[in-house]
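Down below is the structure, laid out as structure tokens.
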2 protein chains.
Amino acid sequence: MSRMPTVDDVAQAAGVSRQTVSNVLNSPEIVREATRQRVLEAISRLGYRPHASARRLRTRKSATIGVRIDPWRDGISGAVLDRFLHKLTEHADARGLRVMVFSAADPDDELARIRRLREGSDVDAFVLTATTHGDERIRALTEQGVPFVAFGRPWDPETSAVRHRWVDVDGRAGVAGAVRHLREQGARRVGWIGWPHGSGTGDERRAGWEAECGVDADARAALARHVEDGVTEGSRAAAELLALPEPPDAIVCASDSLALGAMIAARTAGRPALPVVGFDDTPVAAAVGLSSIEQPLDDVVAAALDLLFGPAGDDVRPNPSSDEEPTDRLLAPRLVERRPGHLALDAIPGT
Amino acid sequence: MSRMPTVDDVAQAAGVSRQTVSNVLNSPEIVREATRQRVLEAISRLGYRPHASARRLRTRKSATIGVRIDPWRDGISGAVLDRFLHKLTEHADARGLRVMVFSAADPDDELARIRRLREGSDVDAFVLTATTHGDERIRALTEQGVPFVAFGRPWDPETSAVRHRWVDVDGRAGVAGAVRHLREQGARRVGWIGWPHGSGTGDERRAGWEAECGVDADARAALARHVEDGVTEGSRAAAELLALPEPPDAIVCASDSLALGAMIAARTAGRPALPVVGFDDTPVAAAVGLSSIEQPLDDVVAAALDLLFGPAGDDVRPNPSSDEEPTDRLLAPRLVERRPGHLALDAIPGT
DNA sequence: TCCGCCGATTTGATCGATCAAATCTTTGCT
DNA sequence: AGCAAAGATTTGATCGATCAAATCGGCGGA
């Protein structure tokens with residue numbers, strides 16, 4: 001037979017009807033065991049696979065989730081979203097879901113694309129990444145009844161008021177834990193290099209440092225720097241801190257880019273053993289032997305899918321209304337410790 | 001109206017038949033201008049969008065391409081495939097194509113998943129990335145008649161014998177160009193840090209250095225190191241080279257990871273101005289101010305889609321048979337020059 | 001004036017699956 | 001044994017679009 005087998009072919013081969021074949025696949029429990037076996041045998045003998053488009057046409061579901069992938073990835077940290085995407089496909093595969101990616105020029109364009117993808121039953125639900133202050137997408141999708149989950153908490157009261165599903169990583173707890181750990185290891189003055197105020201993520205992370213650094217407000221002001229993300233910026237800020245009369249004896253940073261810069265600055269300043277902690281545990285951190293706070297992406301993805309589809313299965317739940325059980329999850333990150341000096345520069349002949 | 005409008009709704013609204021509406025969308029040239037306008041007006045008034053699954057069921061096409069995304073590679077260089085993926089979605093969107101991603105444990109698993117995706121008309125064609133020596137996937141997909149294009153040339157005669165579509169970047173020409181450029185700038189002994197022999201990509205890149213470095217075989221042996229990919233490895237190799245009686249006055253590397261290591265080693269060895277060139281122009285290179293050879297991913301993606309779908313349109317061409325016009329494209333990369341010392345460590349107070 | 005041709009449009013059938021309701025089987029209880 | 005309820009299976013309709021073939025309408029030529 002040249003064409004792919006269909007339910008009818010299987011039905012004929014097994015001596016049953018279309019619908020029974022369909023039932024074996026979709027509601028096995030209502031089929032008698034004997035017939036079930038017979039049908040399964042026929043299915044595997046003919047190599048039958050259900051035609052996804054036909055099924056979707058009928059059921060109006062696609063078992064597909066959509067994710068936007070971002071164009072701007074100058075920073076090292078853009079890598080987090082890539083790892084997120086990869087984890088997402090893994091977990092989705094395990095649930096029998098598919099992942100479709102798309103790109104968009106701006107939030108409006110993203111909304112337009114989302115609408116289009118959903119209209120054709122191409123995609124059932126979406127994962128929004130990189131939520132911002134006053135994120136327009138949350139409200140728009142909620143109003144349109146498009147099922148989605150956000151990776152990133154709502155950053156302002158307005159968005160919080162819109163009940164929706166989200167998952168995020170507790171940056172504050174992560175940084176606090178790292179600072180506490182450094183102090184247990186003997187550090188007395190832990191410095192902070194973060195981003196300019198105003199980004200939700202950045203402010204959260206800084207709050208973790210503030211809570212645990214154990215010094216008064218004046219000392220905190222001296223020990224903190226806020227710069228744009230980047231290796232150069234991190235390097236410069238760290239050099240400033242290390243040049244203080246009372247320099248820090250450890251530095252925690254809001255990103256691996258900043259931390260890499262800090263690490264290089266420490267080396268240059270003759271303090272190669274200064275503990276430096278970054279955030280996101282990107283490949284670069286692993287490559288240069290930098291401690292870093294790792295986002296538990298596996299858990300994040302699992303939680304996101306749970307919220308969208310329930311603990312198991314591939315039926316999208318509708319967006320939550322305003323009076324139900326919790327629809328969000330805040331997960332704690334984990335400190336990955338590495339030895340400074342892992343670069344082994346000291347072991348190099350001639351140094 | 002609660003449900004989405006269909007062709008029939010539009011037809012009724014415009015006072016024509018289903019098929020005419022369909023024609024306006026798919027073969028506008030056979031519809032009279034006046035009716036065409038009337039139908040278009042009705043379409044936009046009702047906000048009609050064709051139902052993708054229904055169309056696919058009928059036409060047996062999905063206008064969707066599949067790409068495997070790799071489980072995390074620890075190197076910095078994994079970023080290339082991510083950028084590739086992003087470019088792919090951009091170009092695909094522009095052509096009205098969709099991109100579906102999936103993950104797989106190994107090549108066999110990948111083939112199984114590809115088969116499944118194609119059977120349901122989920123995906124029309126695939127892009128294979130990271131081709132290897134003796135890549136099983138090429139032959140398997142060709143035999144099964146699954147349309148695909150490889151990003152990566154065939155690395156052995158056996159695979160070359162299987163006529164298939166591929167696009168690749170001419171690493172040899174890229175490295176050769178960089179070496180030539182360094183020599184024009186006054187370098188006399190250009191070193192090489194690459195990967196162990198055996199990887200197609202790595203050997204090609206090294207060949208570019210050999211061709212243009214302008215020294216005899218003995219000197220070449222002294223000036224080259226072959227190590228696994230990684231910052232530490234690059235750093236160690238570079239330190240060795242710089243400790244030679246006649247050290248190199250510039251170093252070209254097979255990857256940005258190696259180059260970053262080399263750059264740090266140069267700094268440590270007191271030669272911060274040593275020109276170092278990496279490969280792939282990853283975000284890290286940009287962040288630390290490292291020159292790097294950039295793969296023209298835009299062109300790669302455009303070429304790949306051209307090979308699959310023709311210069312325009314979204315009809316997949318069948319895999320090439322053995323006697324047709326060229327089915328591959330080799331593209332030249334470009335050197336992105338940056339200033340060493342961009343890290344501005346020298347400008348730091350206290351140094 | 002009538003016929004035939006050609007381009008524009010319409011009608012009937014189909015893609016492959018699931019839903020809803022009808023029909024046939026078995027089971028359980030008196 | 002008889003009969004209803006529960007269980008298993010089958011039949012007819014449908015999802016929304018396109019394909020293939022039939023129909024309609026206008027125009028030129030005999």
Side-chain angles (χ1 to χ4, degrees), chain A residues 1-40 42-43 46-63 96 116 118-122 124 314-315, chain B residues 1-40 42-43 46-63 96 116 118-122 124 314-315:
Chain A
M1 166 166 48
S2 70
R3 81 175 203 297
M4 293 286 302
T6 72
V7 265
D8 284 293
D9 298 320
V10 176
Q12 199 152 15
V16 296
S17 71
R18 299 194 299 284
Q19 186 60 35
T20 299
V21 176
S22 171
N23 286 336
V24 167
L25 267 52
N26 301 304
S27 333
E29 69 280 4
I30 71 165
V31 177
R32 199 182 352 192
E33 180 59 19
T35 27
R36 202 178 69 87
Q37 290 302 339
R38 199 146 35 94
V39 170
L40 285 178
I43 285 181
L46 298 186
Y48 165 79
R49 291 284 158 196
H51 192 289
S53 293
R55 169 180 282 171
R56 293 209 274 257
L57 170 59
R58 189 62 240 232
T59 62
R60 318 187 130 280
K61 294 178 184 166
S62 63
R116 205 158 309 158
R118 231 182 78 88
E119 279 162 354
S121 285
D122 263 326
D124 285 340
D314 54 3
D315 267 357
Chain B
M1 166 167 49
S2 69
R3 81 176 203 295
M4 293 288 302
T6 73
V7 265
D8 284 295
D9 298 319
V10 176
Q12 198 153 13
V16 296
S17 72
R18 298 195 300 284
Q19 186 61 36
T20 300
V21 176
S22 172
N23 286 337
V24 167
L25 267 52
N26 300 304
S27 333
E29 69 281 3
I30 71 166
V31 177
R32 194 171 10 180
E33 180 59 20
T35 23
R36 202 178 69 87
Q37 289 305 338
R38 198 147 34 94
V39 170
L40 286 178
I43 285 180
L46 298 186
Y48 165 80
R49 290 284 157 196
H51 192 289
S53 293
R55 169 180 283 169
R56 277 183 247 183
L57 170 58
R58 191 61 178 111
T59 62
R60 316 190 135 280
K61 294 177 185 167
S62 63
R116 205 158 310 156
R118 234 182 75 89
E119 278 161 356
S121 287
D122 263 328
D124 285 339
D314 56 2
D315 268 358

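Proteins come first, then strands; the chains are lettered A, B, ... in the order of their sequence lines, and each starts at number 1.
Scanning both residues, B:Arg38 and B:Thr35, for their nearest heavy atoms gives NH2-CG2, 2.9 Å. For the pair B:Thr6 and B:Tyr48, the tightest heavy-atom approach, listed with the atom from each and the gap, is C-CE1, 3.5 Å.
In this structure, A:Asp9 pairs ionically with A:Arg3, as a charged nitrogen and a carboxylate oxygen lie closer than 4.0 Å.
Atom CZ of B:Arg56 and atom P of C:dA17 are 15 Å apart (whole Å). With rounding to whole Å, B:Ile30 atom CD1 is found 11 Å from C:dG7 atom P. Note: CZ (B:Arg3) to C1' (D:dT14) measures 12 Å, nearest angstrom. The separation between B:Leu57 atom CG and C:dT14 atom P is 14 Å, rounded to whole Å. The CD-P distance, from B:Glu29 to C:dT9, rounds to 13 Å in whole Å. The CZ atom of B:Arg32 sits 9 Å away from the C1' atom of C:dT9 (whole-angstrom rounding). Look at NZ on B:Lys61: it is 17 Å from P on D:dA17, rounded to the nearest Å. Taking atom CE of A:Met4 as the reference point, atom C1' of C:dC15 lies 14 Å away to the nearest angstrom.
If you check every strand for non-hydrogen atoms under 4.0 Å, B:Thr35 touches sugar and phosphate atoms only. Counting any heavy atom pair closer than 4.0 Å across all strands shown, A:Arg36 reaches no nucleic acid atom.
If B:Gly15 and B:Ala54 are placed on DNA chain C by their nearest nucleotide, the residue sitting closer to the 5' end is B:Gly15.
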Listing, residues 10-19 of chain B side-chain donor-acceptor contacts under 3.5 Å, not counting sequence neighbours, or none:
{"from": "B:Ser17", "atom 1": "OG", "to": "B:Thr20", "atom 2": "OG1", "distance (Å)": "3.3"}
{"from": "B:Gln19", "atom 1": "NE2", "to": "B:Asn23", "atom 2": "OD1", "distance (Å)": "3.2"}

Using a cut-off of under 3.5 Å, enumerate the N/O to N/O pairs linking the protein to nucleotides 19-23 of chain C.
{"from": "C:dC19", "atom 1": "N4", "to": "A:Gln19", "atom 2": "OE1", "distance (Å)": "2.6"}

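With distances taken from any side-chain atom of A:His51 to the nucleotides D:dT9, C:dA17, D:dA17, the minimum falls on C:dA17.
From B:His51, atom NE2 reaches atom CZ of A:Arg56 across 9.0 Å, with rounding to the nearest 0.5 Å.
A donor-acceptor pair is defined here as one N or O able to donate and one able to accept, closer than 3.5 Å; such a pair exists between the side chain of B:Asp124 and the backbone of B:Ser62.
By the salt bridge (Lys or Arg N to Asp or Glu O under 4.0 Å) test, A:Glu33 is found to be paired with A:Arg36, residues two or more places apart in sequence or in another chain being considered.
For the OP1/OP2 pair of C:dA8 and a distance below 4.0 Å, the side-chain nitrogens and oxygens of B:Thr20 include no atom meeting the criterion.
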